[in-house]
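Report on one structure; see the data block that follows.
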Amino acid sequence: MPELPEVETVVRDLRPLLEGRTILSARQSKKKLRRPWKPQWSAEVVGARVAGLRRRGKWILIDVASPTPPGPPSLKGRGEIGTRALCERFDSPNSDSPLPFRAGGVGVLRLHLGMSGQLTVVPKSEPEPDHLHLAFALDNETELRFRDHRRFGAAELFTDRAKLDAEMNAELGPEPFGIGASYFRDAVTGTKRNLKALLLDQTVVAGVGNIYADEALFRAKLNPGRTGASLSEDECERLRVAIEDVMTRAIESRGSTIRDYVGGSGLRGGFQNEFAVYGRTGEPCPACDAPIALARYAGRSSHFCRSCQPLAVSRQQKTARSRKR
DNA sequence: TCGGCCCTGGGG
DNA sequence: CCCCAGGGCCGA
């Protein structure tokens with residue numbers, strides 16, 4: 001489901017709700033995610049303070065100050081948490097004594113929303129939804145909930161932040177904002193893969209998924225089936241700008257909600273109302289009224305305008321060009 | 001480099 | 001029943 005704009009919206013929503021808060025207890029469902037949360041991680045994060053929220057590509061990164069290992073003995077090796085003693089010990093608003101964190105100890109909670117993940121902060125009184133996988137209590141009234149009905153998501157805890165960042169930078173390309181023009185041109189023209197596959201490849205640019213690949217290709221007036229190697233320098237630049245542009249606009253609209261997606265406080269996105277091509281098969285192209293076409297590239301549905309995004313330069317265009325010269 | 005697969009649920 | 005879905009991994 002969620003691509004970069006949706007994940008960014010979740011992070012922005014949750015930042016003020018989570019930063020500085022202490023995780024008081026944790027519980028998890030029995031069903032496994034694609035990358036499952038290990039029960040021992042619950043014990044490790046309880047008592048930890050949320051130091052910050054970040055996004056890298058489609059990944060959500062929650063930096064937490066590690067709980068102290070010596071802590072209360074009852075904490076160790078417990079999968080099930082949530083005792084009153086913990087609440088009182090760590091959440092006393094009057095206590096300004098520093099929490100017993102290991103010096104310099106930092107961990108990162110890394111989440112991926114897969115196709116159907118939702119990460120929200122809600123009142124505990126809200127009825128528990130289906131497919132809830134993880135819940136972290138923040139105080140007596142509020143909890144952070146991660147649900148994912150298709151279970152393609154991921155929730156993991158890493159202890160070495162620098163190592164995790166290095167690993168992610170090795171696996172992911174640059175963020176779509178301010179991509180170097182020469183980097184992008186080389187990445188595109190150096191392969192015979194088609195443009196749709198290129199945009200979906202997280203090592204080329206991080207964060208683009210099926211919706212925004214189609215929308216960016218429409219804005220750049222490029223056919224998803226074109227090979228990277230076939231692009232001119234000018235076309236590469238159009239695509240680079242289109243990606244940045246569509247991502248920026250989508251974030252401004254709080255992402256797109258088609259089925260499941262909600263932001264960190266449960267709000268739906270709004271960019272689905274601005275789709276030019278995605279999910280609009282057969283409807284008129286916003287630029288030329290030709291019906292939007294549907295084809296399959298890189299195993300994914302691809303929506304585009306055959307007239308605005310021609311696969312090959314048409315005879316008419318060739319003629320027009322030669323006349324110009 | 002590509003299809004198949006991991007899941008659940010909704011719609012035709 | 002069939003096919004489809006904002007993603008990504010793994011094996012031919």
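In the text below, chain A, chain B and the rest are named by the order of the sequence lines, each starting its count at 1.
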Nucleotide-level pairing of DNA chain B, given in dot-bracket where Watson-Crick and G-U pairs need both distances under 3.5 Å and | marks other strands: ||||||.|||||

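Screening residues 246-256 of chain A for salt bridge (Lys or Arg N to Asp or Glu O under 4.0 Å) gives A/Asp13-A/Arg254, A/Arg249-A/Glu252, A/Arg249-A/Glu274 as the qualifying pairs, with residues at least two apart or on separate chains. Sorted by first and then second residue, the pairs that involve residues 12-54 of chain A and meet ring-ring contact (aromatic ring centres under 6.0 Å, His included), not counting sequence neighbours, are A/Trp37-A/Trp41, A/Trp37-A/Phe136. Screening residues 117-129 of chain A for salt bridge (Lys or Arg N to Asp or Glu O under 4.0 Å) gives A/Arg27-A/Glu128 as the qualifying pairs, with residues at least two apart or on separate chains. Residue pairs meeting the ring-ring contact (aromatic ring centres under 6.0 Å, His included) criterion with at least one member in residues 166-197 of chain A, sequence neighbours excluded, do not occur.
The OH atom of A/Tyr261 sits 14 Å away from the P atom of C/dG7 (whole-angstrom rounding). For the pair A/Tyr278 OH and C/dC4 P, the computed distance is 12 Å after rounding to whole Å. Taking atom CZ of A/Arg110 as the reference point, atom C1' of C/dG8 lies 12 Å away to the nearest angstrom. Rounded to whole angstrom, the span from the OH atom of A/Tyr212 across to the C1' atom of C/dA5 amounts to 15 Å. Computed from coordinates, the A/Leu172 CG to C/dG8 C1' distance equals 12 Å when rounded to whole Å.
Running 5' to 3' along DNA chain B, contacts with non-hydrogen atoms of chain A at under 4.0 Å begin and end at B/dC6 to B/dG10.
Ionic pairing of A/Asp139 and A/Arg21 is present here: one or more N-O contacts between side-chain nitrogen and carboxylate oxygen are shorter than 4.0 angstrom. A salt bridge is defined here as a Lys NZ or Arg NE, NH1 or NH2 lying under 4.0 Å from an Asp or Glu carboxylate O, and A/Lys221 with A/Glu235 fails to meet this definition. Taking a cutoff of 4.0 Å between a charged side-chain nitrogen and a carboxylate oxygen, A/Glu215 and A/Arg219 do not qualify as a salt bridge.
Comparing B/dC7 with C/dG11, their P atoms sit 15 Å apart, to the nearest whole Å.
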Show me the donor-acceptor pairs within less than 3.5 Å that the side chains of residues 186-196 of chain A make with the rest of the protein, sequence neighbours left out.
| from | atom 1 | to | atom 2 | distance (Å) |
| --- | --- | --- | --- | --- |
| A/Thr189 | OG1 | A/Arg185 | O | 2.7 |
| A/Thr191 | OG1 | A/Arg193 | N | 3.0 |
| A/Arg193 | NH1 | A/Asp201 | OD2 | 2.8 |
| A/Asn194 | OD1 | A/Lys196 | N | 3.2 |
| A/Asn194 | OD1 | A/Ala197 | N | 2.8 |
| A/Lys196 | NZ | A/Asn210 | OD1 | 2.7 |
| A/Lys196 | NZ | A/Asp214 | OD1 | 2.7 |
| A/Lys196 | NZ | A/Ser301 | O | 3.1 |
| A/Lys196 | NZ | A/Ser302 | OG | 2.8 |

Scan the side chains in residues 275-283 of chain A for donor-acceptor partners under 3.5 Å anywhere in the protein, sequence neighbours excluded, and list what turns up.
| from | atom 1 | to | atom 2 | distance (Å) |
| --- | --- | --- | --- | --- |
| A/Arg280 | NE | A/Glu283 | OE1 | 3.1 |
| A/Arg280 | NH1 | A/Ala276 | O | 2.6 |
| A/Arg280 | NH1 | A/Pro284 | O | 3.4 |
| A/Arg280 | NH2 | A/Glu283 | OE1 | 3.2 |
| A/Arg280 | NH2 | A/Pro284 | O | 3.3 |

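Look at A/Phe152 and the base of C/dG8; the rings do not stack under the cut-offs of 5.5 Å between centres and 30° between planes.
Among residues two or more places apart in sequence or in another chain, the side-chain hydrogen bond (donor to acceptor under 3.5 Å, both in side chains) test is passed with A/Arg238 by none. Remark: A/Glu156 engages A/Arg35, A/Arg110 in a side-chain hydrogen bond (donor to acceptor under 3.5 Å, both in side chains) (not counting sequence neighbours).
Less than 4.0 Å separates DNA chain C from at least one heavy atom of each of the following residues of residues 296-305 of chain A: A/Arg296, A/Arg300, A/Ser301.
A/Lys31 comes within 4.0 angstrom of sugar-phosphate atoms only, judged by non-hydrogen atoms across all strands, and of no base.
At least one side-chain heavy atom of A/Ile60 sits less than 4.5 Å from a side-chain heavy atom of A/Val7.
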Filtered N/O pairs between nucleotides 9-12 of chain C and protein, under 3.5 Å:
none

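Checking side-chain atoms of A/Gln202 against main-chain N and O of A/Val208 turns up a donor-acceptor pair under 3.5 Å.
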